[in-house]
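Some notes on the structure that comes next.
Please read all numbers here as calculations on a predicted model, not as lab measurements. For reference, positions follow the sequence shown, starting with 1. Keep in mind that the numbers below use all heavy atoms, side chains included, and drop hydrogens, waters and symmetry copies.
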Amino acid sequence: LNGTPYTFPTDAGLYQINVSILNTNYIVGQLSSSTLTINKANVIAEVTNINQIYNGQSKAVSVTFKREDNNQTVSLFPTINYKLSSVGPNVSPINAGNYLVYITLPSNGTNNNYNILSTNPVDPTLIINPATPVVTMTSANSGVVNGTITLTANTGGSNGTLTFERQNLTGTATLTGNQLSLTAAGTVQVRALVAASADGNYAAATSAWQIITISNLLTPTLSLTSPNGNTVVMGNTLTGFILTENSDGAVSWSVTNGTGAATYDAATNTLTPTQAGTITLTATTAQTATYAQGSASITITILLPAPTLYSP
């Protein structure tokens, strides 16, 4: 009665109510007091973004709070912890696995007016699934018969065990470990297989097939000539040998002694006889990725000098 205006409380809690009458026209018989109880509102924590894929980055769920009585969304400030087991310590969810999600409302501000009744889903679990790596072949896609290719692959970040697989198509090859030995011209195909990683962060994966073309080596054309002739007299030298060839292989020289003997200096292109008779000078080109080994030879006759005649 003619009391002062009163602002009613809105936050959850216990409030003492005291009533007094200030109107002088009335005699106070008995004052009454009571306690106003405002209970916390119940909210349901809806947990989303609980199914993710490993990428080396920390993961987190999303939480939305809705009142139980009217389904209205409420802005609260939760603490969210993750555990690999119900009795384990809090962890940072980075690696693949199942993480139990624990949601609490620290005592502060708006949080004090609400109580988490339940979660949706019940017992929310953050699941970080293993990533599927993109595996690609990175080794050479061509070679020659009797050659070898070392197979390599990009494993897409996975540290799982890497192996290779081979299939012969029109050509043939054999595979030992990562060494592909090419045995017949044509094509073969290879691919990389990566096992699931031991840490569980990557699933097993396989690359696309890589086609490898195997070619026969070209036969080089070589010709060795001696413009200064094919004979030389002991005590003299023979120079100016000309090698004509189309190989890209390195050239080496050798002398095969027959009835005669000689030495050859490649730097000066000079043959020096040491014994009369015949020898064979040979130029050899090494095998390359394109050409087979090749050689050309020339036979040189080493003569004794003519005798010197004296008159009596």
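Within 6.0 Å of the CG atom in Asp69, the count of heavy atoms belonging to other residues, nucleotides or ligands exceeds 12. No more than 12 heavy atoms of other residues, nucleotides or ligands lie within 6.0 Å of CD1 in Ile53, so this atom counts as exposed by the packing criterion.
If you check the side chains of Thr170 and Thr187, you find a donor sitting under 3.5 Å from an acceptor. Thr172 and Thr183 are linked by a side-chain donor-acceptor pair at a separation below 3.5 angstrom, with hydrogens and angles left out of the test. For Asn228 and Ser226, the side-chain atoms include no donor-acceptor pair closer than 3.5 Å. Side-chain N/O atoms of Gln293 and Gln287 include no donor and acceptor closer than 3.5 Å. A donor atom on one side chain and an acceptor atom on the other are not found under 3.5 Å apart for Asn90 and Tyr102. Checking Thr282 against Ser297 by side-chain atom types alone, a donor-acceptor pair falls below 3.5 Å. Side chain to side chain, Thr270 and Asp265 fail the donor-acceptor criterion of an N or O pair below 3.5 Å. Side-chain atoms of Thr288 and Asp248 include a donor-acceptor pair closer than 3.5 Å.
Listed for the Thr231 side chain is no donor-acceptor partner under 3.5 Å among the backbone atoms of Thr301. A distance-only check finds no donor-acceptor pair linking the side chain of Thr221 to the backbone of Asn246 [under 3.5 Å]. Put simply, the side chain of Arg67 never gets that close to the backbone of Val74: no donor and acceptor are under 3.5 Å apart. Side-chain N or O atoms of Asn168 include none that pairs as donor or acceptor with a backbone N or O of Val188 at under 3.5 Å. Counting only distance, with no hydrogens or angles, the side chain of Thr225 and the backbone of Pro227 share no donor-acceptor pair below 3.5 Å. Of the possible polar contacts, one joining the Asn111 side chain to the Phe77 backbone as a donor-acceptor pair under 3.5 Å is found. Here the side chain of Asn113 pairs no donor or acceptor atom with the backbone of Asp11 at under 3.5 angstrom. Proximity of a side-chain donor or acceptor of Gln210 to a complementary backbone N or O of Ala192 within less than 3.5 Å is not detected.
Cluster annotation: Leu238 is connected to Trp253 through the hydrophobic network of ILVMFWY side chains, with a link wherever side-chain heavy atoms come within less than 4.5 Å. Ile127 and Val101 are members of different hydrophobic clusters when ILVMFWY side chains are connected at heavy-atom separations under 4.5 Å. Ile242 and Tyr264 are assigned to two separate hydrophobic clusters, defined by single-linkage of ILVMFWY side chains at heavy-atom distances under 4.5 Å. Grouping the Ile, Leu, Val, Met, Phe, Trp and Tyr side chains by contacts below 4.5 angstrom, directly or via other members, places Val144 apart from Leu169. One hydrophobic cluster, built from ILVMFWY side chains closer than 4.5 Å, cannot hold both Leu217 and Val145; they sit in different ones.
Across Ile300, Thr272, Thr239, a single residue satisfies side-chain contact (heavy atoms from CB on, under 4.5 Å) together with Val232, and that is Ile300. Exactly one of Ile38, Thr37, Thr35 qualifies for a side-chain contact (heavy atoms from CB on, under 4.5 Å) with Tyr15. That residue is Ile38. Just one residue in the list Thr79, Ile116, Ile80 forms a side-chain contact (heavy atoms from CB on, under 4.5 Å) with Thr104, and that residue is Thr79.
Shown here for Ala96 and Pro130, the closest heavy-atom pair between the two residues is CB-N, 4.0 Å. Contact between Pro78 and Ile103 at its shortest, heavy atoms only, is CB-CG2, 4.0 Å. Asn216 and Ala185 get closest at one heavy-atom pair: ND2-CB, 3.6 Å. Nearest heavy atom pair, residue Ala262 against residue Leu271, reads CB-CD1, 3.8 Å. When all heavy atoms of Leu100 and Ser85 are compared, the closest pair comes out as CD1-C, 3.8 Å.
Taking 4.5 Å as the limit, some side-chain heavy atom of Ile50 sits within range of a side-chain heavy atom of Pro121. Tyr114 has its side chain out of reach of Asn42: every pair of non-hydrogen atoms, C-beta onward, lies at least 4.5 Å apart. Ile212 places a side-chain heavy atom less than 4.5 Å from the side chain of Val190.
Hydrophobic cluster of Leu14: no remaining members, since no ILVMFWY side chain lies below 4.5 Å from it.
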Thr73 vs Phe65, side chain to side chain contact (heavy atoms under 4.5 Å, CB included): CA-CA, chis, key distance, verdict
CA-CA 6 Å; Thr73 300; Phe65 295 95; over 6 Å; no

* To do: Starting from the C-alpha separation in whole Å, work towards a yes-or-no answer on side chain to side chain donor-acceptor pair (under 3.5 Å) for Glu245 and Ser223.
  => CA-CA 6 Å; Glu245 48 91 15; Ser223 174; over 6 Å; no

Going through the checks in order, is the side chain to side chain donor-acceptor pair (under 3.5 Å) test met by Asn55 and Lys59? CA-CA 9 Å; Asn55 65 355; Lys59 304 295 184 182; 3.0 Å; yes

From CA spacing to verdict: side chain to side chain contact (heavy atoms under 4.5 Å, CB included), Val43, Leu76 | CA-CA 10 Å; Val43 292; Leu76 300 178; 4.2 Å; yes

From CA spacing to verdict: side chain to side chain donor-acceptor pair (under 3.5 Å), Asn129, Asn51: CA-CA 7 Å; Asn129 297 287; Asn51 204 315; 2.5 Å; yes

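From Leu222, atom CG reaches atom OG1 of Thr244 across 9.0 Å, with rounding to the nearest 0.5 Å. Note: Thr285 OG1 to Leu243 CG = 8.0 Å, rounded to the nearest 0.5 Å. In this structure, Thr163 OG1 and Arg191 CZ are separated by 9.5 Å, a value rounded to the nearest 0.5 Å. Atom OG1 in Thr64 sits 12.5 Å away from atom CD1 in Ile44 (nearest 0.5 Å). Rounding to the nearest 0.5 angstrom, the gap separating the CE atom in Met234 from the CG atom in Leu303 is 10.5 Å. Note that the CG atom of Leu36 and the CD atom of Gln16 stand 10.0 Å from one another [nearest 0.5 Å].
Aromatic rings from Tyr202 and Tyr54 are positioned such that their centres are separated by under 6.0 Å.
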For residues 131-140, which side-chain donor-acceptor pairs fall under 3.5 Å, sequence neighbours excluded?
residue : atom : partner : partner atom : Å
Thr138  : OG1  : Thr152  : O            : 3.3
Thr138  : OG1  : Thr152  : OG1          : 2.8
Thr138  : OG1  : Ala153  : N            : 3.4
Ser139  : OG   : Thr152  : N            : 3.4

